[in-house]
There are 2 protein chains.
Amino acid sequence: MSAPDNVIKLHADAARPSPRPHFCSTCAFSDACCSEGYQDNAVAQMRALLVDEVRTLQEGEHVFREGERFDAIAAVRAGTVKTYVVDREGREQVLDFYLPGEVVGLNAIHPDIYPCNAVALDTVVLCSFTFARMRELAGVMPNLRDRLFRLLSQDIGKAALLAGDYSADQRMAAFLVALSRRYARRGLSASRFNLSMSRTDIANYLRLAPETVSRVLRRLRGQQLIEIDRRDLRLLDLPALSALAAPVLR
Amino acid sequence: MSAPDNVIKLHADAARPSPRPHFCSTCAFSDACCSEGYQDNAVAQMRALLVDEVRTLQEGEHVFREGERFDAIAAVRAGTVKTYVVDREGREQVLDFYLPGEVVGLNAIHPDIYPCNAVALDTVVLCSFTFARMRELAGVMPNLRDRLFRLLSQDIGKAALLAGDYSADQRMAAFLVALSRRYARRGLSASRFNLSMSRTDIANYLRLAPETVSRVLRRLRGQQLIEIDRRDLRLLDLPALSALAAPVLR
DNA sequence: CGTTCTTTTGATAGCTCTCAAGTCGCGTGG
DNA sequence: CCACGCGACTTGAGAGCTATCAAAAGAACG
């Protein structure tokens, strides 16, 4: 196949004391590795098998662009990735944001080309996985295979959330609560974090006008539900926000 | 692994003359079977391996209900299946319609319970696939494995279409054009077919009020784009409809 | 043939978009 | 250090599209 020397090299590399916990803790495939029955530095071998490349991108750099031939999926390790398309009127449609521990590019498997653009919103670290190799490994690693199935299945209903016809306030609350939960799962604060995306990005994601986003945030601030300065966000009343978002998040 | 006895039994069963072409032509997994390297009645063996049960449902009967434990996915062979959820205000949200050749239940893999309801809109014939077995077979049948990956990947972007903020006319045109294409792929007429869903279903799917659906259809009829009587639909100007739907369908 | 649900039609209100202007923050260059 | 300029964000006023409320017409059912 490809890059066997690379594998060997990395295997040798893995013989050294393994930085596994530090490196893999935020990886979407960590459980696929770690519960595969291997342990300790064997996990590092697994990582060497799976991870094709570790990349660092600066703000504005693209992970991939629409129309490029699909070759790899990528697990975000740090930073935020935004996927979007541009319709023929030139309007940008934000499809999703990907936080550490989440996987970009799964929607490219079927068309075999990337159906959207993916760009770094800040400094991003990600692990690339050549999908052809991953697909083969899925044949011999049941846990990896199941992990892939679940990751794919998980993404199916993802966009359904903002497909509903909810008010701008409900959608914004749902967006903030969802972010909070995703940050919390990663071990960060659920009540205070920095928005890595612009108001316009949020607007394009929630299918609102940027002005509406601004107005909604002011409204939520007026209700003492949030406190926001620039991109520094504090969720003052998570229960109330959750209640507001409840119809959207189901 | 598991169920070897079952496999053997089914192999024996499959030794009989196979009705493959008739039976498999509209199956979502036909290519996974037929391109696996097997031929003729070996395909029937494959089918016997894969297909858990062939079911016929009458209008209103459910394939599965929200919250039930996930056990199987189902390929629609005839009829139309609607998936939906009911939010806490009692409003029905239609998630998708499934025509012959399409697969229901893929979004249940991750949560391991069905996240929505699936109901027959007319007389439906479908093949059930026990997912646990399918997952195992995916380990030894590369084509089946890849087929599953692609089916899953395909569904990810599916709902993104109506997530955009388009006008009611654009969304309706996109809906009709998409239906036309899906029927055409199945070998049916692309310009005339019966809507198997009610106006209310369409409204809940497109996130419009039923009244709006009615008005939009009248508008499209007035523009000589369609002709519609009850649920008998004729697309009079497919190019114009496609143009109208273009921003939505991308 | 009456009942019931679906669909259609009309009038009104409300939410969000659009257009427009102004403010703020920040990097650049004088 | 400060003025400038650019972009992001905020704020305001008005228009448009769709939802809502209300009611009637039509089809399907027993």
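Quick caveat: nothing in here was measured; it's all calculated off a predicted structure. Note on naming: letters A, B, ... go to the chains in the order of the sequence lines (proteins, then strands), and numbering restarts at 1 for each one.
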Most 5' of A/Asp165 and A/Asp201 on DNA chain D, judged by nearest nucleotide = A/Asp201
note = Nearest heavy-atom approach of A/Cys116 to A/Tyr84 is CB-O, 3.5 Å
message = A side-chain contact here means heavy atoms from C-beta on lying under 4.5 Å apart; do B/Met197 and B/Tyr205 qualify?
response = no
query = Are B/Asp229 and B/Arg234 close enough for a salt bridge, meaning some N to O gap below 4.0 Å?
reply = no
message = Pick the closest DNA chain C nucleotide for A/Asp229 and for A/Ala168 by heavy atoms, then say which residue is nearer the 5' end.
response = A/Ala168
B/Phe175 vs B/Val216 side-chain heavy atoms within contact, under 4.5 Å = no
request  = Let me know the distance between CZ of A/Arg199 and P of C/dC24, rounded to the nearest Å.
outcome  = 15 Å
ask   = Between A/Met172 (CE) and C/dT16 (P), how many Å, whole number?
value = 11 Å
task = Determine, for A/Arg55 against A/Glu61, whether the closest basic-nitrogen to carboxylate-oxygen distance falls under 4.0 angstrom.
result = no
message = Given A/Asp169, which partner from the list A/Arg218, A/Arg219, A/Arg221 fulfils the salt bridge (Lys or Arg N to Asp or Glu O under 4.0 Å) test?
response = A/Arg219
message = Please find the pair of heavy atoms, one from A/Asp122 and one from A/Thr80, that lie closest to each other, and give the distance.
response = OD1-N, 2.9 Å
message = I need the residues from residues 203-221 of chain A with at least one non-hydrogen atom less than 4.0 Å from DNA chain D; give them sorted by number, or say none.
response = A/Glu211, A/Ser214, A/Arg215, A/Arg218
query = Along DNA chain D, 5' to 3', what are the outermost nucleotides having an atom less than 4.0 Å from a heavy atom of chain A?
reply = D/dC9 to D/dA13
query = Is there a side-chain contact between B/Tyr114 and B/Asp71, using heavy atoms and a 4.5 Å cut-off?
reply = yes
